[in-house]
Asker: 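Below: one structure in structure tokens.
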Amino acid sequence: MDMDNFREMFLAEAAEHLQLMVDLLVQLDSDPQDQDGIDALFRGAHSIKGMAASMEYAETARLAHHLEDHLDDCRQLGQISGVEIDWLLEAVDLLELLLADIRSGSPERSVDSFIAGISKQPEVAVDCVAETKTIELTVRGRGQLIHLQLQESVAIPGPRFLVLLKKLADLGTILESTPSTEDLLQGDAPNQLLVRLESDIPQQQIHHQLQQYSELQAITFPDEPEEKKPAAKRSSGKTVRVSTELLDHLINLTGELITNRYQLQNALKEENWQGLDDGVGQLARLVKNLHHQVLQVRMVSLESLAGRLSRTVHDLSRSHDKEIQLKLEGAEIELDRAIVEELTDPLIHMVRNAVDHGIEQSGVISIKAWRERDQVLVQVADDGRGIDPEKIRQRALEKGLLNPAQAKTIRNYDLLQLICQPGFSTAEEVSETSGRGVGMDVVKTAVERVGGMLQIDSAPGEGTRITLKLPLSLAIIRVLMVECAGSRMAIPITRVVQTVELSPDEVQSSGKQLMVHYQNELLPMLSLRKMLKAPKGAHLDPIPLVITEVLGRKVALVVDQLVGQREVFVQRLPSPFDQIRGCSGGTILGDGQIVFLLDLQTLFDRSRS
């Protein structure tokens, strides 16, 4: 029997069992005599042992069997201690590393030392890094190679490297990177990155620009390696579980579409224009229903993140000697799987910040999710000390982010957004959790990458609330179509507050900046033509405006024409076009016209710089 055929199924089911075990261990930490929880843990270890043994994964089966024996003793005692919970969590971590070995096609690492009680999990994690294979590129001859090595203290390298790639894209054209952007988005990243950059900027200046990031341990410019034959790569497609009820709906819809096709063919053949019109209307309803059902396939609840967040709070509470409770509300809210995966690292960063910066000795971290129209809002709040705006103001002055005049006039809301700047930190000492200025900039980058927005609200002694506004899906979204410089463009409707048309007489000026009144606010007017460096257009009367929000402040974006709203299927741009700043994807209209999706935040940043 070819066991590779069942490999992906084993990995998916084993990962589910491990996630359930983590959830149960965190719950048992507060109720160590929960017999049902201990029994469920035993069943999980038993299931993994049986599956691993049938797949002939010897080391995984040995470790799972060892856990099974240990949990059987706990069942006999009727309770589980805190020390045992920590040991079991380490064992689960090692099982996850064994699954990673299997997924990559590498030999399973030995579990002898763990079973013998010689080593602890941190040493296993170091071994994992040591076994990372040499990274290579396929594009040869052009540009210059840049090798970046992160500090070992950077727990999650992927988001950090995405920020560094964005910086390198400002210095030239990225021809290729290993790991690729796709791998980094999926969280599959070692602590090193190899980039091929085509740029006219000297190496010394590039080195100087990258030195601003304190989390980088080494920056080198290696010579061109000798060409090697590419190794065969094992496919690792992601899987998602789908209910049979949903599959039945899709089959029924397919049958109705086939029937509708014959109706349209007959109506066209008989020149029955009324029947043709009715058939097209029915087709529109069927496609809309199909769209809804297909989206349901990609939707997963936020409950999938609950285990990792609970584990993070548990571990940080122990390491910081604090009593912290995690409360989850709205975990049943569903989002596109790609967005949920992208949320994992930002939420962990925010939880770490709450533990290290917010809560002093004891407190509560609340994570709440709810729906608002076509958006999902996720809020992470703590009841800790809050953020002192004066401390941020002083640190911003020290780092040159503000001049003295700006520091006096800046709103507290805008001041709080500065903690999202790369390298910004208010921690006095560098610790394992914080102090290196890596955190909120990664959160902001990840949220904006999925078309979301981030808002920070805090006051001294009143805790901190960080709210993420996210779209429901990344694939099919509703957009506002606008026209600018003779081209149609799309803006995600989640970034649009309102559209208005104003007379030129209503425009005011404040110095060199044109302003317009909107709901008792004076908003700056920004021209999309200028941002795109397009030629100056004709005089507009009335002036079409898109009211949007940037860093918590509303602005009025001037376009040539407001076309209307529609649903579109957004596709990611292929390399190297995915490096174009200000463009987050593209779509094809019914007439074959290609329309680009604007990334307004990046456009504003580019025009400001």
Side-chain angles (χ1 to χ4, degrees), residues 1-23 44-45 47-67 89-112 114 121-136 155-159 161 177-194 230-242 298 300 304-305 307-308 311 337-338 340-345 348:
M1 182 185 295
D2 184 4
M3 303 305 290
D4 283 345
N5 292 335
F6 303 96
R7 175 174 158 274
E8 291 301 328
M9 185 183 299
F10 163 75
L11 290 171
E13 293 189 9
E16 287 183 6
H17 283 297
L18 290 179
Q19 185 59 64
L20 179 61
M21 291 176 72
V22 170
D23 295 344
S47 297
I48 293 174
K49 181 194 75 171
M51 291 189 300
S54 66
M55 294 290 294
E56 300 179 359
Y57 296 135
E59 294 299 301
T60 303
R62 280 184 62 209
L63 181 56
H65 181 67
H66 188 63
L67 262 67
L89 285 171
E90 290 179 6
V92 170
D93 288 344
L94 182 51
L95 280 171
E96 288 179 344
L97 290 173
L98 286 165
L99 292 186
D101 291 339
I102 296 169
R103 187 175 291 109
S104 64
S106 305
E108 293 175 277
R109 68 195 66 210
S110 173
V111 297
D112 290 340
F114 185 87
Q121 183 57 34
E123 296 176 6
V124 177
V126 170
D127 291 341
C128 181
V129 173
E131 293 173 7
T132 301
K133 60 183 179 181
T134 304
I135 57 177
E136 298 176 356
I156 308 173
F161 279 141
S177 69
T178 301
S180 65
T181 303
E182 184 70 26
D183 290 337
L184 294 174
L185 287 170
Q186 294 173 1
D188 182 16
N191 67 339
Q192 54 182 322
L193 177 72
L194 187 61
K233 188 176 180 181
R234 187 188 291 259
S235 62
S236 58
K238 293 196 172 183
T239 59
V240 61
R241 294 201 170 199
V242 182
R298 290 182 58 92
V300 295
S304 58
L305 299 178
R308 288 197 62 178
R311 171 72 187 276
R337 176 178 58 83
V340 173
E341 290 175 352
E342 195 71 28
L343 272 182
T344 304
D345 291 341
I348 289 176

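Given the structure is predicted, the values throughout are model-derived calculations rather than measurements. The residues of the chain are indexed from 1 along the displayed sequence.
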Asker: For residues Met51 and Thr60, determine if any side-chain heavy atom of one lies less than 4.5 Å from a side-chain heavy atom of the other.
Answerer: no

Asker: Could you give the distance from CG (Leu99) to OH (Tyr57), rounded to the nearest 0.5 Å?
Answerer: 9.5 Å

Asker: Using 0.5 Å steps for rounding, measure from the CD atom of Glu16 to the CG atom of Leu11.
Answerer: 11.5 Å

Asker: Can you see which heavy atom on Ala64 is nearest to which on Ala45, and at what distance?
Answerer: CB-O, 3.8 Å

Asker: Rounded to the nearest 0.5 Å, what's the gap from CZ on Phe10 to CZ on Arg103? Could you check?
Answerer: 9.5 Å

Asker: Determine the minimum heavy-atom distance between Ala61 and Ala53, stating which atoms define it.
Answerer: CB-N, 3.9 Å

Asker: Using 0.5 Å steps for rounding, measure from the CD1 atom of Ile102 to the CD atom of Glu59.
Answerer: 10.0 Å

Asker: Would Leu94 and Glu90 satisfy side chain to side chain contact (heavy atoms under 4.5 Å, CB included), going step by step from the backbone distance to the final call?
Answerer: CA-CA 6 Å; Leu94 182 51; Glu90 290 179 6; over 6 Å; no

Asker: Mind checking whether Pro179 and Leu193 have side chains closer than 4.5 Å, heavy atoms only?
Answerer: yes

Asker: Taking side chain as C-beta onward, heavy atoms only, is Met21 less than 4.5 Å from Leu67?
Answerer: yes

Asker: Could you tell me which non-hydrogen atom of Ile48 sits nearest to which non-hydrogen atom of Ala14, and how far apart they are?
Answerer: CD1-O, 4.2 Å

Asker: Treating Glu108 as the side-chain partner and Leu98 as the backbone partner, does any N or O pair qualify as donor plus acceptor under 3.5 Å?
Answerer: no

Asker: How close do Leu18 and Leu95 get, heavy atom to heavy atom, and via which atoms?
Answerer: CD2-CD1, 3.7 Å

